Every structure is written in structure tokens, then in C-alpha cells.
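Single-structure report; data block below.
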Amino acid sequence: MAKASLILLLSFLIITNYLCSSRAQQCRPSGRIEGKKPPPGQCNQENDSDCCKQGKMYTTYECSPSVTTHTKAYLTLNSFEKDGDGGGPSECDNQYHPDDTPVVALSTGWFNHKSRCHKKITIHGNGRSVEAMVVDECDSTMGCDADHDYQPPCPNNIVDASKAVWEALGVPKDNWGGLEITWSESDA
């Protein structure tokens, strides 16, 4: 009888652990934002950035997929320079960063309340790897306002990268702007 109870308990623990871990890996939308038309001269489209459209509903996320040793993500292009399409200064240090420096912004869940500020991540794409420093949040919870350059909220799986990252990955300039990648936290 004790053996059957032990097997039943172990089965229960395995199933519970599986259900909890699969729930933790899920990331469901947390809300929606209605788009507003940018005022004239607002919404910098330097790197083919999208501008919010009046009345369009945009999905928001407070979470991102779980971080693993090969976290799947979508690499986008961003300028972290003053007057660039990234908007204001970076969230981590209230500074602007040159386009020739490998820096990134992460979706809200991965940015995790600034816990990854100034940490390095390794990005794998196009058959190459590059290390970049996290300096900003690609806000998945807000958008379509002056603080976000009248751009929609980021999806929950974005690594928004400077030109230096794209160059290091050897992506031809004609293809800059969107690339499926994986990333991981760097050891250093």
C-alpha cells in the first residue's frame, strides 16, 4: 500500500510540476491600447518604424516568453541616438547611445523592471553571434503617445538592436529591420 501511495504522490508531483512550468512559459496579452494619430512631425520613421493609426487597437503584454539558453526572439532595428527613432534617452541610464555601439532594448517582460540593465546578452542570428548591452526597454505595455514617439507597443518577443548589432551579424543592409534570432544571457 505504501508503494502505491508513493507512486501516486510522485505522479501528482510530476503532473503539477509540468502544469506549473507550462503556465510559466505562456505569455498572454494583458490588454489593448487604442491608436492615436501622431501630431505633424511626430513619430520618427527612420528605421521603418510603424506609427500608430487612429482607432486601431494594439495588443499589450506585461510578460515575455521564458528566458532559456536559446530564447527565440525577433530582432528589430532601432537608433538609440538623440533624435533617433528610439525616442527619448535609454531607460537604464537616461543617456543616448551611438549607433556604432552594440546595444539593445528588450520587450517589457525580458527587461524585467530594469533587472537586465547594463547586462550583456549574446545574440545568435544569420550564422553569427554578437554580444550587446541592454540599455533600454521596448515597451510592450504602452504606446501611441509622445513618450513612445507615437509608435505602437512592442510585441512581447523583441530584441530592438542598434546598427552595430546588425553589422556584427553580417546581415546585408537591405535586410535590416526584422530577423528571427535566439539570445541568451552572457556569462560575463
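Computed from a prediction, not measured in an experiment: that's the story for all the values here.
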Please name all residues satisfying side-chain hydrogen bond (donor to acceptor under 3.5 Å, both in side chains) with [X], sequence neighbours left out, ordered by chain then number.
X	result
His70	none
Asp145	His148
Asn157	none

Thr182 and His124 side chains, donor-acceptor separation under 3.5 Å: no

Distance-only polar pair, side chains of Ser107 and Asn156, donor-acceptor under 3.5 Å: no

Any side-chain to backbone donor/acceptor pair from [X] onto [Y]? Under 3.5 Å, distance only.
X	Y	answer
Asp139	Met142	yes
Trp110	Ser66	no
Asn126	Arg128	no
Thr122	Ser186	no

When rounded to the nearest 0.5 angstrom, what is the spacing between [atom1] in [X] and [atom2] in [Y]?
X	Y	atom1	atom2	result
Lys37	Lys53	NZ	NZ	11.5 Å
Trp176	Leu77	CH2	CG	6.5 Å
Tyr74	Glu180	OH	CD	7.5 Å

Test item: Lys119 and Glu185 side chains (from C-beta on) under 4.5 Å apart, heavy atoms: no

Side-chain touch Cys154/Ser140, heavy atoms, less than 4.5 angstrom: yes

Test side-chain contact (heavy atoms from CB on, under 4.5 Å) applied to Phe80 and Val135, step by step: CA-CA 9 Å; Phe80 295 84; Val135 296; 4.0 Å; yes

Listed partners of Glu62 passing salt bridge (Lys or Arg N to Asp or Glu O under 4.0 Å), at least two apart: none

Disulfide (SG to SG under 2.5 Å) contacts touching residues 78-130 (sequence neighbours left out): Cys92-Cys117

Pairs meeting criterion side-chain hydrogen bond (donor to acceptor under 3.5 Å, both in side chains) with involvement of residues 160-169, two or more places apart: Thr76-Asp160

